[in-house]
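One structure below.
One-based numbering along the sequence shown.
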Amino acid sequence: MNTEFQYDDLPLPAFRLNEKLSVVNCSEEALRLFGKVSSFLEIVDEASANKARKMLASGMAVEKFELNVIAQPSKLILADVFAKWDSQFSLSVILVPKDDELAGIVQQLAQLRSRLNETDYDLFLEKERTADLLQQVQELSAPCIQLDSMRLLIPVFGELSREKVEAVSARLLENIYQVNAETTIMDFTAITKITSQGLTSLESLLQTISVMGTESIICGVKPSHAKKLHHLQSLVSVKFASSLQEVIALRPETSKS
């Protein structure tokens, strides 16, 4: 298996660092967002610098964590960080920026719920507005990111429920059709809970994706969720990987092996 990052094709900010967290190589998206930097810590917000040093220390078994990073021009971004030491002297880091639009909608939703608890003024209209925002939250909590001409990435956040799977299915299937994707990668790292109805809806979605001739890969499965997901392999065509970084590092042409 070739584990070298495909920096030229990766539409996410990615870095290869040495043991001092100096930048050895980076993707074009990293250059676009942050400019040319000599150290990874140059793009980390000052309040998050100690956390970055601790989590990325040489020899650490790094899991996914969050950092505030500063993009050009002086824009603060909250990002999920996926990092792995390939050796004692080589660290690969991928950033997945959080969606500002999702954060704004969640804030609006909280405000509306607070109003509904205090008054029944214009209750029907407020309920409709709340339902619309909930639908948007469900869709944005599983965004569809095109990694390259053959692969789509769907990082799923929060609870995997029937409503969430149904909310994202139409958009995902349309994207698969439009780009003629060969592989969809579903990252379950940020999932908190899997409901029984959500699992049934996921099975139906994976079957549809398979009928379209597209391979499905699920990564980042927590031990607490593994028992609920293990039977999927016997029902639908799906592969599992330990982490998003492992899947992204594969060359597209080898991901279907």
Side-chain angles (χ1 to χ4, degrees), residues 1-104 106-107 141 143 145 147 153-158 185 187-192 219-225 241-250:
M1 183 196 314
N2 189 328
T3 58
E4 288 294 318
F5 273 118
Q6 308 305 306
Y7 285 99
D8 293 338
D9 299 327
L10 190 62
L12 292 169
F15 299 86
R16 185 173 295 282
L17 312 177
N18 63 20
E19 72 277 12
K20 296 181 179 179
L21 304 186
S22 297
V23 177
V24 177
N25 195 2
C26 67
S27 66
E28 291 185 4
E29 182 65 8
L31 284 173
R32 186 188 71 80
L33 283 177
F34 305 109
K36 189 173 182 179
V37 295
S38 58
S39 170
F40 181 75
L41 295 177
E42 292 179 30
I43 71 169
V44 178
D45 180 58
E46 184 177 354
S48 299
N50 287 335
K51 179 180 180 181
R53 292 189 186 96
K54 179 180 178 182
M55 297 300 295
L56 300 176
S58 179
M60 284 283 291
V62 185
E63 297 180 357
K64 190 200 82 167
F65 62 98
E66 292 182 343
L67 277 182
N68 286 314
V69 293
I70 304 173
Q72 296 179 333
S74 301
K75 180 183 178 182
L76 190 65
I77 296 175
L78 178 63
D80 285 326
V81 181
F82 298 86
K84 181 181 180 182
W85 282 97
D86 300 322
S87 69
Q88 185 179 356
F89 307 107
S90 181
L91 173 65
S92 299
V93 177
I94 298 173
L95 303 181
V96 180
K98 300 275 193 180
D99 197 324
D100 291 339
E101 184 181 358
L102 174 59
V106 170
Q107 183 178 8
S141 59
I145 302 170
L147 291 179
L153 167 65
I154 306 93
V156 187
F157 303 93
I185 305 164
D187 179 23
F188 282 14
T189 304
I191 285 182
T192 57
C219 63
V221 177
K222 294 182 175 68
S224 58
H225 299 153
S242 60
S243 68
L244 172 63
Q245 187 172 9
E246 175 187 336
V247 181
I248 290 180
L250 290 173

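- Within the model, atoms CG of L41 and NZ of K20 stand 13.0 Å from one another, a figure rounded to the nearest 0.5 Å.
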- Kindly determine whether I43 and F40 satisfy side chain to side chain contact (heavy atoms under 4.5 Å, CB included), including the steps that lead there. CA-CA 6 Å; I43 71 169; F40 181 75; 3.7 Å; yes
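- Looking only at distances, a side-chain donor or acceptor of K222 sits under 3.5 Å from a matching main-chain atom of I191.
- Of all the heavy atoms in E42 and S38, the pair that sits closest is OE2-OG, 2.5 Å.
- The main-chain N or O of L91 is never found under 3.5 Å from a side-chain atom of K84 such that the two would form a donor-acceptor pair.
- Nearest heavy atom pair, residue A83 against residue Q245, reads C-OE1, 3.4 Å.
- The minimum heavy-atom distance between P13 and F34, with the atom names listed, is CB-CE1, 3.8 Å.
- Evaluation of the salt bridge (charged side-chain N to carboxylate O under 4.0 Å, His left out) rule for E19 yields no partner, not counting sequence neighbours.
- Residue L17 holds its CG atom at 8.0 Å from OG of S39, rounded to the nearest 0.5 Å.
- Residue I77 holds its CD1 atom at 10.0 Å from CG of N68, rounded to the nearest 0.5 Å.
- Put simply, the side chain of S48 never gets that close to the backbone of L67: no donor and acceptor are under 3.5 Å apart.
- Across F15 and A30, no two heavy atoms sit closer than the pair CZ-CB, 3.7 Å.
- Evaluated for a side chain to side chain contact (heavy atoms under 4.5 Å, CB included) with R16, the options V23, V93, N25 yield exactly one hit, N25.
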- Chi angles and distances behind the side chain to side chain contact (heavy atoms under 4.5 Å, CB included) call for L33, L95: CA-CA 11 Å; L33 283 177; L95 303 181; over 6 Å; no
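- No side-chain heavy atom of V81 sits under 4.5 Å from any side-chain heavy atom of K64.
- Remark: F188 CZ to C219 SG distance equals 9.0 Å, nearest 0.5 Å.
- A pairwise comparison of heavy atoms in N18 and V24 identifies N-CG2, 3.9 Å as the closest pair.
- Taking each heavy atom of A190 and F157 in turn, the nearest pair found is CB-CD2, 3.6 Å.
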- Going through the distances and angles, do I94 and L244 end up as a side chain to side chain contact (heavy atoms under 4.5 Å, CB included)? CA-CA 9 Å; I94 298 173; L244 172 63; 5.6 Å; no
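- For R53, there are no salt bridge (charged side-chain N to carboxylate O under 4.0 Å, His left out) partners, not counting sequence neighbours.
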- For S27 and L12, run side chain to side chain contact (heavy atoms under 4.5 Å, CB included): C-alpha distance rounded to whole Å, both residues' side-chain angles, the deciding distance at 0.1 Å, then the answer. CA-CA 7 Å; S27 66; L12 292 169; over 6 Å; no
